[in-house]
Amino acid sequence: MSLWRYANPSEFMRLSGAVQPWCWALTAISLGIGLGWGFFLTPDDYQQGSTVKILFIHVPAALIAINAWLMMLVASLIWFIRRHHVSALAARAAAPVGAVMTVITLLTGAIWGQPMWGTWWAWDPRLTSFFILFLFYLGYMALWAAIDDPDKAADLTSVLCLVGSVFALLSRYAVYFWSQGLHQGASLSMDRESHVDNAFYLPLLFSIAGFVLLFLSLVLLRTRTEVRLRRLRALREFEARG
């Protein structure tokens, strides 16, 4: 059975309606464990003190901010190739969620950076690329809102999504491209010598799982809303012609 059948709006609404309650339940469980464990049951860092616990929000939000845009890119490419409306609507639905995650990343980074670096902001390669990524999110949403024809809007925003993907990748790998900058290396790594201490590692994984599930739940909710709005628009246009 082809996966493309779920690109049909009716099939998507049926499947997402069944999956969504489980996603919300798993989101609540994962976030409850990850944040509760991380904030209340982990020790303070010997250098950073309690500010280290910002990582349980900052790191998952940063991962979602980057990967939300990459998910939008994949959905946009599917729209270009297959012309499935659900994929275009899913990309549109993901943009505000990704934008909020980018803001959370920048704010929590500033809160952590002020006591650690002595400044709220620095034109560090990763910080700068994240800020530009946020501007791309705003531009993407504004372009959708500015064009009345939904197919033309999907085409143009897909092109913008392709361009913005460069900054999504820069946001992820900026510390490897440039040696200068204040931002530390990756908190998670396959190399056990470089990732965070084990006391923080497991709760951080739960927090990341919770943020991923939250992103999925919100995108499903918003995509279902977009499908309903598209149907409503089609009905209104039909009535206007009649």
Side-chain angles (χ1 to χ4, degrees), residues 3 6 12 15-45 48 50-75 87 90-91 93-109 111-112 126 130 133-134 137 165 168-169 171-176 183-225:
L3 288 174
Y6 297 111
F12 170 78
L15 178 64
S16 60
V19 168
Q20 201 173 20
W22 292 98
C23 286
W24 284 113
L26 290 173
T27 298
I29 293 170
S30 299
L31 285 179
I33 294 173
L35 297 181
W37 185 355
F39 279 103
F40 300 110
L41 300 178
T42 58
D44 292 347
D45 183 72
Q48 303 177 41
S50 60
T51 59
V52 70
K53 299 182 181 184
I54 291 176
L55 72 88
F56 297 111
I57 295 176
H58 178 77
V59 172
L63 289 174
I64 298 300
I66 297 168
N67 289 293
W69 191 276
L70 296 181
M71 170 261 167
M72 290 161 56
L73 173 63
V74 172
S87 63
V97 184
V100 171
M101 291 296 176
T102 308
V103 171
I104 292 173
T105 302
L106 292 170
L107 289 177
T108 53
I111 293 170
W112 180 86
R126 181 172 284 190
F130 249 97
L133 178 62
F134 173 64
Y137 271 118
S165 299
L169 290 173
S171 299
R172 174 63 181 88
Y173 296 107
V175 291
Y176 303 115
H183 200 286
Q184 67 187 61
S187 297
L188 293 176
S189 172
M190 297 299 290
D191 180 4
R192 296 186 65 85
E193 296 290 328
S194 61
H195 70 58
V196 296
D197 187 84
N198 289 332
F200 305 102
Y201 190 69
L202 284 178
L204 180 56
L205 291 180
F206 273 103
S207 293
I208 290 173
F211 270 74
V212 170
L213 288 165
L214 177 62
F215 172 73
L216 178 61
S217 300
L218 289 172
V219 170
L220 285 176
L221 176 64
R222 287 185 50 80
T223 304
R224 288 170 60 84
T225 302

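These numbers were taken from a predicted model, which means no experiment stands behind them.
Side-chain contact between L204 and P60: present, with at least one pair of heavy atoms (C-beta onward) separated by less than 4.5 Å. Contact check for I57 versus F39: side-chain heavy atoms found under the 4.5 Å cut-off. In this structure the side chain of L220 reaches within 4.5 angstrom of the side chain of C23, judged on heavy atoms. Contact check for L35 versus S207: side-chain heavy atoms found under the 4.5 Å cut-off. Side-chain contact check for V100 versus Y137: every heavy-atom pair is 4.5 Å or farther apart. Side-chain contact between W37 and L202 is present, with at least one heavy-atom pair separated by less than 4.5 Å. Side-chain contact between R222 and P96 is present, with at least one heavy-atom pair separated by less than 4.5 Å. Between L214 and M101 there is a side-chain heavy-atom pair separated by less than 4.5 Å.
Rounding to the nearest 0.5 Å places CG of L218 at 10.0 Å from OG1 of T223. One finds the CD1 atom of I64 at 11.5 Å from the CE atom of M71 (value rounded to the nearest 0.5 Å). Atoms CD1 and CG, from I208 and L63 in turn, are 5.0 Å apart once rounded to the nearest 0.5 Å.
Residues satisfying the side-chain contact (heavy atoms from CB on, under 4.5 Å) criterion with T105, sequence neighbours excluded, are H58, A61, A62, A65, F130.
Judged by distance alone, with hydrogens and angles left aside, the side-chain atoms of T27 form a donor-acceptor pair with the main-chain N or O of L213 at under 3.5 Å. The closest donor-acceptor contact from the side chain of K53 to the backbone of T42 lies under 3.5 Å.
Across all their heavy atoms, A94 and M72 have their closest contact at CB-CG, 3.8 Å.
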